[in-house]
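Have a look at the structure below, then the notes.
Note that these values count all heavy atoms, side chains included, but never hydrogens, waters or copies made by symmetry. Index from 1, following the sequence.
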Amino acid sequence: MREFRQPEGKYEFVFGRYSQPIAKINPGEEVAIYTEDAFSGRLTSPDVSSSILFQAGYMNPQTGPFYIEGAEPGDTLVVEILDIQPATGYAGSALIPGFGGIVATSSTPMLNDNLPEKCWLYKYDESTKKFTSTTDPALSFDYRPFYGTMTTAPELEAISTATPFNQGGNMDCRDTCPGNKVMLPVAVEGAYFFLGDAHGTQGDGELCGTALEMPAKGILKFSLIKGKKLHNVRIENDEYLMCVGTAKPMEDAARMAYVDLIEWMGEYGWDKYDAFECLTQAGEMYVGNMVDTFYSLVGKIKKEIVMRKKK
């Protein structure tokens, strides 16, 4: 199995087609990809000043881009996440002034005082599969890893790694995790795949803006669905079909996710309005993030329900 690290530690901080790919990957190939944490390795102690963690706005360093052989615009890149392992055994989280889901931010200014600076360092226990704070044992959480960011490159733009968009990006959705297949729209030749921002765990919404951010080693397998053009990211496992909507306001993200899910159900023989009724009664939805430039919501339906219909 080939292993990849970002050459010379020069990570990418935008999603785009304008950087030289670091490697070419063949469909069907399993590879190991190493990623840095969202703080670029700066959170080494609870005593670190959180204001330095995202220096000059640089966050979520990405490994990549990777050129996927045979990928063309209008295809779908399928990324099967086989495993995510902590690379160092440590993770971190922080309160960062001007950042978070329930505080004053640059886009939601208020007169109340800003957040204080505060950091937490967590150590991973392989025997219990938990991350526990080095300063407060009450802060102990099961290891539920996923990638906060993964994406293909947009056709023209260069998009900040802080941003989710219809091809992926900083979605912070917990279902980009081992055991799941993530389907990404392809807009450029070679797809230009980026990966980073691994999380040891995270609750719905990523409320303070930082999950358990960790460097990681991931095992991934790539494949292509030729000629299948997606409008948004889709995720599938043995139990669910899932669609990701990214937008502001939040209700638009919800609409995007559910409309795409209705279209997907149509591929299994569902009439549009029957699918609408089905999601009304049995659909599920959660907030991936409520802190980024756009919000991410995930609409879900159990495959057992979808498979009741026959084409």
Side-chain angles (χ1 to χ4, degrees), residues 27-33 35 68 75-85 129 142-152 164 166-186 191 193 195 197-206 211 216-225 228 230-246 253-254 256-270 275 278-279 281-289 296-310:
E29 185 177 6
E30 292 182 15
V31 301
I33 300 176
T35 56
I68 310 300
D75 293 343
T76 293
L77 177 64
V78 182
V79 184
E80 185 175 357
I81 306 171
L82 303 176
D83 194 17
I84 303 175
Q85 305 166 8
K129 306 295 184 184
D142 292 336
Y143 183 56
R144 299 184 303 166
F146 70 95
Y147 285 108
T149 61
M150 65 166 51
T151 192
T152 54
N166 72 301
Q167 291 177 226
N170 190 33
M171 298 178 289
D172 293 315
C173 296
R174 65 173 182 268
D175 280 299
T176 50
C177 65
N180 289 1
K181 294 180 179 180
V182 184
M183 287 163 265
L184 306 171
V186 174
F193 175 77
L195 184 71
D197 189 30
H199 295 168
T201 195
Q202 178 203 294
D204 290 352
E206 197 182 26
K217 175 185 177 181
I219 310 297
L220 297 92
K221 182 177 180 179
F222 297 86
S223 60
L224 291 170
I225 305 176
K228 184 177 182 64
L230 298 183
H231 302 294
N232 297 288
V233 175
R234 294 179 176 180
I235 306 172
E236 183 175 6
N237 59 26
D238 291 341
E239 189 176 5
Y240 281 98
L241 301 181
M242 295 166 267
C243 292
V244 184
T246 58
M256 291 171 69
Y258 270 148
V259 166
D260 196 35
L261 197 51
I262 287 171
E263 291 183 6
W264 198 358
M265 292 172 68
E267 297 174 20
Y268 289 86
W270 283 81
C278 182
L279 290 178
Q281 311 308 333
E284 301 175 38
M285 179 164 281
Y286 71 89
V287 180
N289 91 75
S296 299
L297 272 72
V298 181
K300 309 171 65 173
I301 184 71
K302 287 185 176 180
K303 291 172 76 173
E304 178 274 327
I305 297 173
V306 175
M307 297 304 178
R308 294 172 187 170
K309 285 276 190 179
K310 294 183 179 180

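For the pair Leu195 and Leu220, the minimum side-chain heavy-atom distance is below 4.5 Å. Contact of the Glu284 side chain with the Lys302 side chain is registered, since non-hydrogen atoms from C-beta on lie closer than 4.5 Å. At a threshold of 4.5 Å between non-hydrogen side-chain atoms, the residues Lys309 and Trp270 count as touching. Side chains of Phe222 and Val79 form a contact here, defined as non-hydrogen atoms less than 4.5 Å apart. A 4.5 Å side-chain heavy-atom check between Asn170 and Asn289 finds every atom pair outside the cut-off. By the 4.5 Å heavy-atom criterion applied to side chains, Leu82 and Glu80 are counted as neighbours.
Taking all atoms of both residues into account, the shortest heavy-atom contact from Pro27 to Ser223 is CB-CA, 4.3 Å. Between Ala32 and Lys217, the closest heavy-atom pair is CB-CE, 3.9 Å. Among all heavy-atom pairs drawn from Leu297 and Ala257, the shortest one is O-CB, 3.9 Å. The shortest non-hydrogen separation linking Ala191 to Ile68 is CB-CG1, 4.1 Å. In terms of heavy-atom proximity, Leu279 sits nearest to Lys300 at CD2-O, 4.4 Å. Between Thr76 and Val186 the shortest heavy-atom distance is C-CG2, 4.1 Å.
Going from atom CD of Gln85 over to atom CD1 of Ile219 covers 5.5 Å, rounded to the nearest 0.5 Å. Atoms CG and CG, on Leu184 and Asn166 in that order, are 10.5 Å from each other to the nearest 0.5 Å. To the nearest 0.5 Å, atoms CD1 (Ile81) and CD1 (Ile235) are separated by 8.0 Å. Note that the SG atom of Cys243 and the CD atom of Glu263 stand 8.5 Å from one another [nearest 0.5 Å]. Atom OH of Tyr258 is separated from atom CD1 of Ile301 by 8.0 Å, given to the nearest 0.5 angstrom. How far CZ of Arg234 is from CG of Asp260: 4.5 Å, rounded to the nearest 0.5 Å.
Side chain to side chain, Tyr240 and Asn180 fail the donor-acceptor criterion of an N or O pair below 3.5 Å.
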For Val244 and Met242: C-alpha separation, side-chain torsions, deciding distance, then whether side-chain contact (heavy atoms from CB on, under 4.5 Å) applies. CA-CA 7 Å; Val244 184; Met242 295 166 267; over 6 Å; no
Step-by-step side-chain contact (heavy atoms from CB on, under 4.5 Å) determination, Val306 to Trp264: CA-CA 10 Å; Val306 175; Trp264 198 358; over 6 Å; no
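Other residues, nucleotides and ligands contribute over 12 non-hydrogen atoms within 6.0 Å of the NZ atom of Lys303.
Of the possible polar contacts, one joining the Glu206 side chain to the Ala211 backbone as a donor-acceptor pair under 3.5 Å is found.
Each of Leu241, Val182, Val78 was scored for a side-chain contact (heavy atoms from CB on, under 4.5 Å) with Glu236, with one residue passing: Leu241.
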